[in-house]
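What you are looking at is a predicted structure, and each value in this text was computed from that prediction instead of being measured. Just so you know, ligand 1 is whichever comes first in the structure, and atom 1 is the first atom listed for that ligand.
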Amino acid sequence: MRKPVIAGNWKMHMTCAQSRDYMATFLPLLENLPEDRDVVIAPPFTAISSVADLVKNSCVELSSQNVHWEGSGAFTAEISPTMLLEHGVRYAIVGHSEPRKYFSESDEQINHRARSAQKHGLIPIVCVGESDEQRNRGEAERVIRRQVEQGLETLDPKKLVVAYEPIWAIGTGRVATPEDAQAVCLGIRQVVRDDSGNAAADSVRIQYGGSVKPVSAPDLMRQPDIDGALVGGASLDPEEFARIIAYRLVG
Ligand code: PGA
């Protein structure tokens with residue numbers, strides 16, 4: 001069975017002081033959470049150390065929002081896996097559509113980052129997804145197949161999360177329907193099956209991301225090939241994020 005993983009991507013939000021206020025509200029809300037799901041927060045780099053202290057002894061695990069393929073070196077503005085591991089970080093988001101768009105990240109670079117993460121014991125969260133134009137031109141399937149094939153090359157599917165994030169759904173309030181999100185996530189699993197076999201496809205966790213809110217989370221989580229959510233805007237509000245995390249499949 002795949003354990004769903006609900007991850008909050010704080011993007012370029014939250015100072016250390018704001019993170020402290022957030023956790024004071026957020027952590028008590030997780031007290032009776034069932035252990036059948038993983039909870040992850042990806043703070044900006046400057047807040048990782050503070051948040052690491054605050055979430056000690058809680059169920060919350062940490063992710064970075066990026067990771068470099070080298071352990072150290074002349075790579076201004078980058079962050080290495082060892083720097084993250086020092087703070088107990090377990091996951092690393094790579095290939096988010098924002099760095100893909102603003103910094104022209106390629107699938108090859110994303111694959112380097114993800115491989116480096118795995119080599120150092122971090123679990124990469126590899127983001128894929130089509131733009132509105134690509135979807136309207138009927139290219140979504142082809143674009144996502146390429147991103148998955150190139151981005152996941154040689155990765156171990158058991159230590160990997162893929163996040164399907166249609167770009168048109170990110171920060172727009174236009175959440176994908178559960179049926180559409182399920183169809184794409186099933187397609188992603190099929191690409192993994194074609195490339196790496198049944199065991200790999202059955203173990204890779206696939207999240208949906210893009211305008212997930214407490215009201216839309218349960219129906220998304222109910223889909224057989226959706227194993228969690230990557231949440232941006234709604235993860236900035238501790239009460240809203242806790243409600244997403246506490247989704248119930250029945251009742
Ligand atoms: P959103 O962002 O939930 O604000 O749409 C999701 C993401 O970018 O990961």
Under 4.0 Å to a heavy atom of G171 - the qualifying atoms of ligand 1, by number: 1 (P), 4 (O), 5 (O)

Just to confirm my output: which protein heavy-atom neighbour is closest to atom 3 (O) of ligand 1, and how far is it? G232 N, 2.8 Å

Under 4.0 Å from one or more heavy atoms of H96, ligand 1 contributes atoms 7 (C), 8 (O), 9 (O)

G210 near ligand 1 by a heavy-atom separation under 4.0 Å: yes

Under a 4.0 angstrom heavy-atom cut-off, which atoms of ligand 1 come close to N9? 9 (O)

Could you check whether the rings of F241 and F26 sit parallel, tilted or perpendicular, using 30° and 60° as the cut-offs? parallel

Report yes if some N/O of S211 lies less than 3.5 Å from some N/O of ligand 1; otherwise report no. yes

Side chain, backbone, both or neither: the part of I170 lying under 4.0 Å from ligand 1 by heavy atom: both

For ligand 1 and G233, I'd like to know whether there is a polar contact (N/O to N/O, distance under 3.5 Å). yes

Classify the side-chain pair D156/Q118 by whether it contains a donor and acceptor separated by less than 3.5 Å. no

Under 4.0 Å between a Lys/Arg side-chain N and an Asp/Glu carboxylate O for D132 and R135? no

If you measure from the Lys or Arg side-chain nitrogens to the Asp or Glu carboxylate oxygens, is any gap between K213 and E240 under 4.0 Å? no

In terms of side-chain geometry, is the basic nitrogen of D202 or R189 positioned less than 4.0 Å from the acidic oxygen of its partner? no

Please say whether E98 places an N or O atom under 3.5 Å from an N or O atom belonging to ligand 1. no

Under 4.0 Å to a heavy atom of L230 - the qualifying atoms of ligand 1, by number: 9 (O)

So is A169 close enough to ligand 1, meaning a heavy atom under 4.0 angstrom away? yes

for atom 9 (O) of ligand 1, nearest protein heavy atom and its distance come out as E165 OE2, 2.7 Å

Around E70, counting heavy atoms of other residues, nucleotides and ligands shown, do more than 12 lie under 6.0 Å from its CD? yes

Heavy atoms, side chains only, cut-off 4.5 Å: are C59 and L33 in contact? yes

Can you check whether V67 reaches L84 side chain to side chain, under 4.5 Å on heavy atoms? yes

